[in-house]
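Every value quoted in this text rests on a predicted model; they were computed, and no experiment measured them. Naming: A, B, ... by sequence-line order, numbering from 1 per chain.
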2 protein chains.
Amino acid sequence: MVTLKQIAEELGISITTVSKALKEYPDVSKKTRKLVRETASMLNYKPNSFAVNLRTKESKTIGLIIPEIVHHFFSSVIKGIISQAEKKGYLVITLQSNESYELEKKQIDLLLSKRVDGILISLANGTGDFKHITEVIEQETPIVMFDKIAKTVKCSKVIIDDRKAAYKATQHLINIGCKRIAHFRGPLLPQNSIDRFLGYKQALIDNNLSYDASLVYLLNDMSFEEGKFYANQLLKDHKDVDGIFINTDLVAIGAISEFNKKGIKVPEQINVIGFSNWFMASVISPSLTTVNQPGFQMGKKAFKILYKEIKDRKKRKNISYNEVILETDLIFRDSTNN
Amino acid sequence: MVTLKQIAEELGISITTVSKALKEYPDVSKKTRKLVRETASMLNYKPNSFAVNLRTKESKTIGLIIPEIVHHFFSSVIKGIISQAEKKGYLVITLQSNESYELEKKQIDLLLSKRVDGILISLANGTGDFKHITEVIEQETPIVMFDKIAKTVKCSKVIIDDRKAAYKATQHLINIGCKRIAHFRGPLLPQNSIDRFLGYKQALIDNNLSYDASLVYLLNDMSFEEGKFYANQLLKDHKDVDGIFINTDLVAIGAISEFNKKGIKVPEQINVIGFSNWFMASVISPSLTTVNQPGFQMGKKAFKILYKEIKDRKKRKNISYNEVILETDLIFRDSTNN
DNA sequence: CGGTAAATCGAAAACGTTTTCGATTTATTT
DNA sequence: AAATAAATCGAAAACGTTTTCGATTTACCG
């Protein structure tokens with residue numbers, strides 16, 4: 001591997017001058033600059049990033065912690081982050097917390113000890129304690145949370161308004177004439193499940209439809225099978241239900257599949273709205289009306305904010321936390337009688 | 001940030017001894033070892049990885065280049081790689097080539113200049129020239145290719161036998177009585193499309209079914225819409241087709257969706273087999289018979305091989321290239337009349 | 001041509017670690 | 001107690017870069 005020293009020796013000048021020539025310092029003549037440039041590219045010189053990192057105290061690398069990689073929404077976020085990072089010359093180290101608080105903590109430590117320039121994180125469902133996050137902030141390493149966040153932690157965030165989105169979805173069900181609307185909700189953590197539930201409830205109340213707790217089903221693993229199971233359960237419990245707002249598309253698809261099997265017509269007998277706009281939502285039949293969750297944009301935005309914080313910290317500007325709420329919209333398809 | 005120097009000063013001993021005490025060197029007494037350990041953890045010492053990298057010339061980081069992150073198969077591979085890498089103390093920098101040869105080349109350069117310890121890559125569809133890969137090998141940076149590989153390049157590889165898998169799928173169609181079997185094939189690159197086509201063709205020939213080129217449709221973007229389009233086309237061109245082997249699940253799902261729409265019964269009138277076993281294959285109706293492509297395992301295996309090469313190179317052992325072919329199996333579902 | 005200003009260069013320190021090898025201390029043996 | 005062996009320590013170089021600041025050279029002006 002060729003170093004500055006070798007170029008210097010080749011030309012009989014000092015390492016200093018070589019270094020400066022390669023990075024537009026004003027105190028090196030055009031002649032030697034050109035010379036250095038030429039021999040550098042001739043020898044195929046590549047700066048040793050280990051040395052650069054040590055010297056400049058930054059690695060142009062950020063860490064990313066995601067609960068689950070194999071997931072349409074999250075992989076879209078990853079793509080957004082990576083694409084934006086690459087534009088700014090940053091690389092992304094990705095880790096998966098597997099929805100485990102313990103792993104998440106270890107991974108934060110790992111990233112800090114690798115001295116990444118910043119961290120992007122979407123919290124694991126099980127995470128209820130945030131000391132590992134606040135420690136990052138105290139260490140002055142920029143961090144921004146996205147999607148699954150901790151409201152109480154003071155740092156930048158990029159989210160959607162789950163409550164509002166759920167409200168709009170439920171409102172749509174009401175607008176098209178539903179009177180008895182069920183909800184398949186997610187677990188008690190993360191916050192998103194709660195917010196979607198609250199949006200659902202609020203929409204009912206605001207439209208003078210009585211809120212009936214027995215119409216709300218608490219799911220655990222949010223799987224296709226669970227969708228089928230609770231769809232079946234719902235049919236047993238409440239014959240009069242004419243609409244459901246479901247926490248996530250996969251479950252909604254399970255439910256629709258069960259309805260199809262049982263001969264219940266969607267949307268004629270039951271209107272179904274999902275959440276996320278997974279790719280397959282457009283592909284099943286009937287296609288699924290759902291809330292579009294802009295993963296790619298969320299990733300881009302999250303990186304942009306992190307980038308700004310990294311730059312500000314470098315300039316010793318006092319950083320101000322940013323909280324961005326991305327717009328969601330309802331995608332109208334065939335599972336609702338629009 | 002606390003350094004070895006600070007610990008040394010704190011205890012009035014040399015940096016050398018501190019360093020040695022922290023890494024099980026035999027020439028430091030148990031007493032001082034204990035002392036150093038204690039103050040290190042008290043001061044929350046974390047070795048500066050930039051310095052460690054510079055000194056040891058390795059970063060415990062590998063690079064990963066993937067054509068497309070938002071993709072069930074590839075995200076499974078990523079997950080496999082990251083999970084395995086973490087076990088061995090390696091971090092993974094992920095880049096997306098977007099199926100572009102030019103980007104792929106740049107990203108290889110980027111990773112090399114970051115001095116990753118090794119590279120994992122699945123080639124972009126457009127990549128027909130492999131100089132950027134052979135350069136990596138010449139630079140003595142371990143590299144292993146997976147899934148979309150270059151057969152002519154001498155390095156370790158992890159793949160499935162696309163040809164065999166396609167053969168088995170087609171054979172199944174024949175076994176259940178299909179006489180006129182169509183094929184929706186992928187573009188001329190990557191090699192995988194070719195191999196799947198060849199497996200299809202071979203199965204026909206081996207079973208004394210004449211190969212009819214007009215039953216093979218060449219797709220471009222492998223999308224849901226294309227699946228619908230060519231399913232429609234097929235119905236117009238060939239009324240007698242009773243089975244299709246389709247290059248990838250998404251297209252197969254498009255085709256089934258079109259058949260459903262047109263009132264063509266699957267599998268009664270047409271048997272359909274896909275490829276990949278995407279998650280949604282089990283979710284549509286009828287559920288899709290398909291070839292299971294073990295992404296997670298592929299990721300794990302690819303990292304394991306890379307890891308071995310990294311270790312071997314460090315020990316200056318002469319490395320031998322490894323070519324692993326993972327088993328695939330046919331998942332029998334409702335789109336074929338089994 | 002002398003003197004000043006501007007342009008150009010390089011020595012050296014610093015980043016924080018690892019590791020070699022020689023020095024010193026302690027323990028063991030005769 | 002002297003000699004030897006074993007245990008313990010530390011100085012210093014090295015990894016390759018960046019950057020400060022002083023030194024040297026060149027250009028410019030009167």
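The interatomic distance linking B:Gln6 (CD) with C:dC15 (C1') rounds to 13 Å, in whole Å. Atom CE of B:Met1 is separated from atom C1' of C:dT17 by 16 Å (rounded to the nearest Å). The nearest whole Å value for the distance from the CG atom in A:Leu4 to the P atom in C:dC15 is 19 Å. A straight line from NZ of B:Lys5 to C1' of D:dG10 spans 15 Å, rounded to a whole angstrom. Here the C1' atom of nucleotide C:dT26 and the CG atom of B:Asp27 are 15 Å apart, to the nearest Å. Rounded to whole Å, the distance from NZ on B:Lys30 to P on C:dT26 is 17 Å. For the pair B:Asn53 CG and D:dA14 C1', the interatomic distance rounds to 16 Å; values are reported in whole Å. Residue A:Arg115 contributes atom CZ, which lies 13 Å from atom P of C:dC15 at whole-angstrom precision.
Using modelled atom types and a 3.5 Å distance limit, the side chains of A:Ser29 and A:Thr32 yield a donor-acceptor pair. A donor-acceptor contact closer than 3.5 angstrom links the side chains of A:Ser14 and A:Thr17. Using modelled atom types, one finds a donor on one side chain and an acceptor on the other under 3.5 Å when comparing B:Asn125 with B:Lys148.
DNA chain C lies under 4.0 Å from at least one heavy atom of each of the following residues of residues 8-25 of chain A: A:Ile13, A:Ser14, A:Thr16, A:Thr17, A:Lys20. DNA chain D lies under 4.0 Å from no heavy atom of any residue of residues 310-317 of chain A. A heavy-atom distance below 4.0 Å to DNA chain C is reached by these residues of residues 39-50 of chain B, ordered by number: B:Tyr45, B:Pro47, B:Asn48.
Evaluation of the side chain to side chain contact (heavy atoms under 4.5 Å, CB included) rule for B:Lys87 yields B:Gln84, B:Lys300 as partners, not counting sequence neighbours. A search for side chain to side chain contact (heavy atoms under 4.5 Å, CB included) contacts involving A:Lys105 returns A:Tyr101, A:Glu102, A:His132, not counting sequence neighbours.
By the neighbour-count criterion of 12 heavy atoms within 6.0 Å, atom NZ of A:Lys106 is sparsely surrounded, having that number or fewer from other residues, nucleotides or ligands. The environment of A:Lys308 atom NZ is sparse: at most 12 non-hydrogen atoms of other residues, nucleotides or ligands sit within 6.0 angstrom. In the displayed structure, B:Lys311 atom NZ is contacted under 6.0 Å by more than 12 heavy atoms of other residues, nucleotides or ligands.
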task: Any chance you could lay out the side-chain contact (heavy atoms from CB on, under 4.5 Å) test for A:Asp27 and A:Lys20, step after step, and finish with the verdict?
output: CA-CA 8 Å; A:Asp27 62 341; A:Lys20 287 182 188 168; 3.0 Å; yes
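One finds the OG1 atom of B:Thr127 at 7.0 Å from the CD1 atom of B:Ile121 (value rounded to the nearest 0.5 Å).
Taking the side chain of A:Leu54 as heavy atoms from C-beta on, and the options C:dT17, D:dT17, D:dG16, the nearest nucleotide is D:dG16.
Screening A:Leu110, A:Leu91, A:Leu111 for a side-chain contact (heavy atoms from CB on, under 4.5 Å) with A:Val116, the sole residue that qualifies is A:Leu111.
Ring geometry for B:Phe73 versus B:His71: interplanar angle over 60°, hence perpendicular rather than tilted (30 to 60°).
Contact annotation: the side chain of B:Met298 approaches that of B:Ile160 to within less than 4.5 Å [non-hydrogen atoms, C-beta and beyond]. Side-chain contact check for B:Ile69 versus B:Phe74: every heavy-atom pair is 4.5 Å or farther apart.
Taking 4.0 angstrom as the limit, A:Thr3 places none of its side-chain polar atoms (N or O) nearer than this to OP1 or OP2 of D:dC15. Within the 4.0 Å cut-off from OP1 or OP2 of C:dG16, at least one side-chain nitrogen or oxygen of A:Lys57 is found.
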I'd like a table of atom pairs between the protein and nucleotides 25-28 of chain D - only N or O on both sides, under 3.5 Å - with the distance next to each one.
none

